[in-house]
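Take a look at the structure below.
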Amino acid sequence: MIDYIIRPMSFGDIKQLSDLDKRCFAVPWSEQSFAEEAENRLAYYLVAEAEQTIIAYIGCWRVIDEGHITNIAVAPEYRRQGIATELLTRIIHAARSQSLVLLTLEVRKSNSAARLLYESFGFKPIGERRDYYHSPTENAVIMTLMLGEE
Ligand SMILES: CC(C)(COP(=O)(O)OP(=O)(O)OC[C@H]1O[C@@H](n2cnc3c(N)ncnc32)[C@H](O)[C@@H]1OP(=O)(O)O)[C@@H](O)C(=O)NCCC(=O)NCCS
């Protein structure tokens, strides 16, 4: 079991988040993108930190009464230890406590690890966005969790 804490993202995390994204995605977000998220009052980001190093994060936008999960990533060496599960649990709890109706997200069709993670929380595929991703081009599956349902 690794020892880590989960806390809200701060401006001081931007460089580390950008470095982490480069290790997790073919098309990572820039430092500028993370800076914009840190300033976005509708955005809620949590980071997982172990020994002063950010090892994972999750982000969500509040759009009226819906939550849109923007991204989730765990550093490769920390995967399959329940960290994404813990981050998602916290986001779902926050969404419920704000009386949001649903949580929704897009995921690459081929990303079976992420899809299994979301399915384990009850997210259901409700449609696809054609060629939503590039490098490589791929459809997104839209997955949604209705929060009224326990
Ligand atoms: C997807 C990701 C966030 C999962 O993070 P994680 O901390 O390893 O996930 P967890 O340990 O909480 O796993 C929870 C469940 O998800 C599923 N899962 C996660 N990784 C999996 C894998 N590689 N293969 C199959 N199932 C997987 C399993 O059901 C797992 O439960 P189990 O370990 O009891 O079998 C991580 O692999 C990652 O950062 N990937 C790259 C970035 C990415 O694709 N993000 C999603 C963007 S939509």
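As the structure lists them, so they are numbered: ligands from 1, and atoms in each ligand from 1.
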Of the protein's non-hydrogen atoms, which lies at the shortest distance from [atom], and what is that distance?
{"atom": "atom 37 (O) of ligand 1", "answer": "Arg79 CD, 3.4 Å"}
{"atom": "atom 12 (O) of ligand 1", "answer": "Thr85 OG1, 2.5 Å"}
{"atom": "atom 11 (O) of ligand 1", "answer": "Gly82 N, 2.8 Å"}
{"atom": "atom 39 (O) of ligand 1", "answer": "Val74 N, 2.8 Å"}
{"atom": "atom 3 (C) of ligand 1", "answer": "Ala84 CB, 3.9 Å"}
{"atom": "atom 43 (C) of ligand 1", "answer": "Phe25 CE2, 3.5 Å"}
{"atom": "atom 33 (O) of ligand 1", "answer": "Arg80 NE, 3.1 Å"}
{"atom": "atom 45 (N) of ligand 1", "answer": "Ile72 O, 2.8 Å"}

[X] and ligand 1 - part of the residue with a heavy-atom distance under 4.0 Å:
{"X": "Tyr118", "value": "side chain"}
{"X": "Asn111", "value": "side chain"}
{"X": "Gln81", "value": "backbone"}

Leu116 CG: over 12 foreign heavy atoms closer than 6.0 Å:
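Yes, the 6.0 Å shell around CG holds more than 12 heavy atoms from other groups.
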Is it the case that over 12 heavy atoms from other parts of the model lie below 6.0 angstrom from the CD atom of Glu77?
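Above 12, so yes.
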Can you list the ligand 1 atoms lying under 4.0 Å from a non-hydrogen atom of [X]?
{"X": "Glu106", "answer": "48 (S)"}
{"X": "Ala73", "answer": "39 (O)"}
{"X": "Leu116", "answer": "17 (C), 25 (C), 26 (N)"}
{"X": "Cys24", "answer": "41 (C), 42 (C)"}

Answer yes or no: is there an ion pair linking Asp19 with Lys15, defined by an N-O contact shorter than 4.0 Å?
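Counted as a salt bridge, because a side-chain N and a carboxylate O are separated by less than 4.0 Å.
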Is the closest basic N to carboxylate O distance between Arg108 and Glu138 below 4.0 Å?
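Salt bridge present between Arg108 and Glu138.
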Checking [X] side chain against [Y] main chain: does a donor-acceptor pair fall under 3.5 Å?
{"X": "Arg96", "Y": "Leu147", "result": "yes"}
{"X": "Ser18", "Y": "Ile14", "result": "no"}
{"X": "Arg62", "Y": "Ile64", "result": "yes"}
{"X": "Asn139", "Y": "Asp131", "result": "yes"}

Tell me, please: is Ser120 in heavy-atom contact with ligand 1, that is, under 4.0 Å?
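No heavy atom of Ser120 comes that close to ligand 1.
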Should Arg108 be listed as contacting ligand 1, given a heavy-atom distance under 4.0 Å as the test?
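Heavy atoms of Arg108 never come under 4.0 Å of ligand 1.
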How close do Gln16 and Thr53 get, heavy atom to heavy atom, and via which atoms?
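Taking every non-hydrogen atom into account, OE1-CA, 3.4 Å.
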Grouping I, L, V, M, F, W and Y whenever their side-chain heavy atoms are under 4.5 Å apart, do Leu20 and Val47 come out in a common cluster?
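Cluster IDs for Leu20 and Val47 match.
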One pair to check against side-chain contact (heavy atoms from CB on, under 4.5 Å): Trp29 and Thr70. What are the steps and the verdict?
CA-CA 11 Å; Trp29 287 358; Thr70 56; 3.9 Å; yes
